[in-house]
Trainee: 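Before anything else, here's the structure in question.
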Amino acid sequence: MLNVILSYLPYALITTFTPGPNNITSLYSVSLMGWRKGGRVILGIASGVAFLMLLCIFFCHELAKYIPGVVVYLKYIGAAYILWLAVHIAMSRPGESESHIMNFRSGFFLSVSNVKVILYFITLFTVYIIPSGAGLYEMLLHGAFIMASSAVSWCLWGAAGGLMQKFLARYYRPFNVIMGLLLAWCAVKIIM
């Protein structure tokens, strides 16, 4: 299991910790309203992501069980998505994903409607985890690890508040280019 985690760790960390709707919303809500009210938004985000992850685990598990050959093709789709994400991150500007989500419910729906999160889980499970021979139990363990790293990300973004926002506004270009190149490297590793 550790080898599988190490294989997807660069992709997971980059996707989890780079700016996106959930991270920007965590940063914005805590910097605007403090931890008490902003924490509710983060809890809503976490609940939505957990819901999506469980759906993706069961969907990917059943798909691999009944149509095992499809995982080979999903690997290329996942690599293409990672390349698209790499280009998007490298070219993005601060504030493009910013959202004004201010409660648990809207945090939940932000996550459930977040295409980045859906594709993230489908890519992780079909490209890295299922091909390793993981069963449903192992997939759930990987899901718990992924949720823990995601929770760390949201809390760090929330804690960073305006400080992180100022840093990324000033140095967004080199940061985004480095993150994009690392993601492109992950996509190349998947295909080879």
Side-chain angles (χ1 to χ4, degrees), residues 5 8-61 81-82 84-85 88-89 92-125 128-129 136-172 175-176 179-180 182-183:
I5 290 173
Y8 69 71
L9 194 60
Y11 169 65
L13 290 177
I14 291 167
T15 305
T16 301
F17 285 90
T18 54
N22 292 344
N23 289 339
I24 298 296
T25 300
S26 297
L27 180 142
Y28 184 77
S29 63
V30 172
S31 68
L32 190 66
M33 302 182 304
W35 274 105
R36 187 177 189 129
K37 290 182 180 177
R40 293 179 192 148
V41 177
I42 294 173
L43 196 56
I45 289 170
S47 299
V49 169
F51 175 75
L52 270 180
M53 183 191 55
L54 289 173
L55 283 178
C56 286
I57 286 173
F58 291 116
F59 170 76
C60 292
H61 178 264
Y81 167 69
I82 292 173
W84 174 85
L85 189 60
H88 178 73
I89 286 173
S92 67
R93 301 180 84 84
E96 288 180 352
S97 299
E98 191 165 334
S99 184
H100 300 282
I101 305 299
M102 294 297 136
N103 60 39
F104 175 90
R105 185 176 33 161
S106 48
F108 179 87
F109 287 116
L110 171 73
S111 292
V112 171
S113 64
N114 188 343
V115 175
K116 178 183 174 185
V117 173
I118 296 166
L119 293 174
Y120 169 63
F121 286 138
I122 290 173
T123 301
L124 273 176
F125 288 106
Y128 294 103
I129 298 170
L136 186 58
Y137 176 72
E138 290 88 2
M139 291 174 74
L140 290 169
L141 287 177
H142 283 288
F145 174 77
I146 293 162
M147 280 302 299
S149 67
S150 296
V152 169
S153 171
W154 302 318
C155 289
L156 285 175
W157 275 85
L163 187 62
M164 177 68 88
Q165 198 172 31
K166 290 176 186 175
F167 173 81
L168 288 178
R170 185 170 179 188
Y171 299 107
Y172 76 90
F175 177 79
N176 289 355
M179 293 299 115
L182 287 171
L183 275 179

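All heavy atoms count here, side chains included; hydrogens, waters and symmetry mates do not. Positions are given from 1, in the same order as the sequence printed here.
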Trainee: What's the spacing between Leu52 CG and Ser111 OG if we round to 0.5 Å?
Mentor: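 With rounding to 0.5 Å, CG (Leu52) is 7.5 Å from OG (Ser111).
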Trainee: What's the separation between atom CG in Leu43 and atom CZ in Phe108, rounded to the nearest 0.5 Å?
Mentor: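 One finds 11.0 Å between CG of Leu43 and CZ of Phe108.
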Trainee: Which residues satisfy the side chain to side chain contact (heavy atoms under 4.5 Å, CB included) test with Phe145, sequence neighbours excluded?
Mentor: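 In terms of side chain to side chain contact (heavy atoms under 4.5 Å, CB included), with neighbours along the sequence ignored, Phe145 is linked to Ile5, Tyr8, Leu9.
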Trainee: What distance separates His61 NE2 from Glu138 CD, expressed to the nearest 0.5 Å?
Mentor: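 With rounding to 0.5 Å, NE2 (His61) is 9.0 Å from CD (Glu138).
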Trainee: Can you say whether the rings of Phe121 and Phe125 are parallel (under 30°), tilted (30 to 60°) or perpendicular (over 60°)?
Mentor: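 The rings of Phe121 and Phe125 sit tilted, inter-plane angle from 30° to 60°.
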Trainee: How long is the straight-line distance from SG of Cys155 back to CG of Asn23, given to the nearest 0.5 Å?
Mentor: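 It is 10.5 Å, given to the nearest 0.5 Å.
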Trainee: Check the pair Leu136, Ile57 against side-chain contact (heavy atoms from CB on, under 4.5 Å), reporting the backbone distance first and the verdict last.
Mentor: CA-CA 8 Å; Leu136 186 58; Ile57 286 173; 3.7 Å; yes
Trainee: With rounding to the nearest 0.5 Å, note down the distance linking CG in Leu140 to CG in Leu54.
Mentor: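 The CG atom of Leu140 sits 7.0 Å away from the CG atom of Leu54.
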Trainee: Please tell me if the side chains of Val112 and Val117 come closer than 4.5 Å, counting only heavy atoms from C-beta onward.
Mentor: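 Val112 does not reach Val117 side chain to side chain.
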Trainee: Any idea which heavy atoms bring Leu119 and Thr123 closest together, and the distance?
Mentor: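 For Leu119 and Thr123, the tightest heavy-atom pair comes out as O-OG1, 2.7 Å.
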Trainee: Pick out which of Ile122, Leu124, Ile118 makes a side-chain contact (heavy atoms from CB on, under 4.5 Å) with Tyr120.
Mentor: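 Only match with Tyr120 under side-chain contact (heavy atoms from CB on, under 4.5 Å): Leu124.
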Trainee: For residues Met139 and Cys60, report the shortest heavy-atom separation together with the two atoms involved.
Mentor: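 Closest pair (atom of Met139, atom of Cys60, distance): CE-CB, 4.2 Å.
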Trainee: With sequence neighbours excluded, what pairs up with Ser150 under the side chain to side chain contact (heavy atoms under 4.5 Å, CB included) test?
Mentor: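 Residues passing side chain to side chain contact (heavy atoms under 4.5 Å, CB included) with Ser150: Thr16, Ile146, Trp154.
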Trainee: Identify the heavy atoms of Trp35 and Ala159 that sit nearest to each other, and give their distance.
Mentor: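 Heavy atoms of Trp35 and Ala159 come nearest at CZ2-N, 3.5 Å.
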